[in-house]
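Everything on this sheet refers to the single structure shown next.
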Amino acid sequence: MSNSNLFKGSLSTIVLKLLKEEGRMYGYEITQKVKDATKGKFKITEGALYPTLHKLEADGILEVEVERVDNRLRKYYRLTEKGTTETAKKISELEEYIKTLQEVIFLKPKMG
Amino acid sequence: MKNLTPEQIKFIDTYLKKSGVEFLDVRVEMVDHVASALEEKLEEYSACNFYEAFKSYMIKNKKSLLKSANSVKWSVDRKVLLSIRKELFKIPVLLVGGGIMTTLVNVDIAHLEKNLWFQISCAAGIFTAYLIPVVLYIKQKISFLNRLSMYAYLINYLFFLLLSNVEIPADWLEVIYGLLVWANLGILLTAFKMSAYYKKQFARL
């Protein structure tokens, strides 16, 4: 995407929404899911994704499970009870924001 | 999907460790991320070998990976402070802390040698900070426990500075010592709880 700043502001909401749908996910899986869903328009870098995941974990919104997969350890993230409530709130806020933005951007000039 | 061998995983781990990703909990996640990306690439381009794929990946993504590893400090600090706060306000901790403070008031500690309390203060900090890796039983560095040790030192050092530089009225001295014990109680419980948590998580390594 040409303006990554627009994307950065919504990254935590996108991550929370994915976790709400998938149950649990690991870092690389999240990056691929976003890339596939947006046909490559949005690409999440490691430098943006992991600080977001760690912050959400520190805030008690996500919890971590570590499992051995294919000769290595893998950290899976899932929503906590607090996280489920927070996700619904954040999605609702984002929807409201997009709606307001559309009203402003596509404002029709008054006739007469 | 072509899985990487244990030797190839070890190679990625060693490379990241030498690049400055010192904490095991952070490195584990980075290793999995790089390995997943390489497996996908090797699946897509069967003519490509592991080392070529690794070199090409690192040229493109190393900066972003290291940025991610370095930024973990801020969220870990937040997690440490929130964990200590959570322990401090648990009923048993408040009761034990309150009990110790009441005892200190009754023994009239103002008459005791002040230096003794400096030593107790320092010993508590050092004990708390060194206890953490001992409890963990593994020789690896864990970001949370490392930062917790730092906060254990810092909190005790602030108490030490207060006690050694400010002339505190006798009535307040008991309160300060009570707070010192209470703070260390919270740190100790956090250390034990989180050491057990990380030990369980990384025992599979």
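Residue numbers start from 1 in every chain, and the chains themselves are labelled A, B, ... in the order their sequence lines are given, proteins ahead of strands. We use all heavy atoms of the structure for the numbers below, so side chains are in, but hydrogens, waters and symmetry mates are not.
For Lys35(A) and Glu40(B), the salt-bridge test fails: no basic side-chain N is under 4.0 Å from an acidic carboxylate O. Taking the charged nitrogens against the carboxylate oxygens, Arg78(B) and Asp59(A) do have a contact shorter than 4.0 Å, which makes a salt bridge.
Within the 4.5 angstrom heavy-atom criterion, only side-chain atoms of Gln32(A), from C-beta onward, approach chain B. Proximity to chain B involves both the backbone and the side chain of Val64(A), based on heavy atoms less than 4.5 angstrom apart. For Ala69(B), no part sits under 4.5 Å from any heavy atom of chain A, backbone or side chain. Contact annotation for Thr5(B): only backbone heavy atoms (N, CA, C, O) come within less than 4.5 Å of a heavy atom of chain A.
Distance check, rounded to the nearest 0.5 Å: CZ of Arg72(A) to CG of Asp13(B) gives 12.0 Å.
Counting non-hydrogen atoms of other residues, nucleotides and ligands closer than 6.0 Å to NZ of Lys90(B) gives a total above 12. Residue-environment remark: OH (Tyr197(B)) exceeds the threshold of 12 foreign heavy atoms within 6.0 Å. The environment of Lys41(B) atom NZ is dense: over 12 non-hydrogen atoms of other residues, nucleotides or ligands sit within 6.0 angstrom. Counting heavy atoms of neighbouring residues, nucleotides and ligands inside a 6.0 Å radius, atom CD of Glu81(A) does not exceed 12 of them.
In terms of heavy-atom pairs under 4.5 angstrom with chain A, the leader among Glu29(B), Lys79(B), Met30(B) is Glu29(B).
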Item checked: side-chain contact (heavy atoms from CB on, under 4.5 Å) between Ser36(B) and Arg74(A), intermediate numbers included -> CA-CA 10 Å; Ser36(B) 300; Arg74(A) 178 166 285 166; 3.4 Å; yes
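Two rings, from Tyr50(A) and His33(B), have their centers less than 6.0 Å apart.
Side-chain atoms of Ser143(B) and His54(A), non-hydrogen and from C-beta on, never get closer than 4.5 Å to each other. Proximity of Lys67(B) to Pro51(A): side-chain heavy atoms (C-beta onward) are nowhere separated by under 4.5 Å. In this structure, Asp32(B) and Tyr28(A) have side chains that are not in contact, with every pair of non-hydrogen atoms separated by 4.5 Å or more.
With hydrogens and angles disregarded, no donor-acceptor distance shorter than 3.5 Å links the side chain of Ser75(B) to the backbone of Ala58(A). A donor-acceptor contact shorter than 3.5 Å is absent between the side chain of Asn71(A) and the backbone of Ile9(B).
Nearest heavy-atom pair across Gly47(A) and Ser64(B) is N-OG, 2.8 Å. Considering every non-hydrogen atom in both Gln201(B) and Leu73(A), the closest pair reads O-CD1, 4.4 Å.
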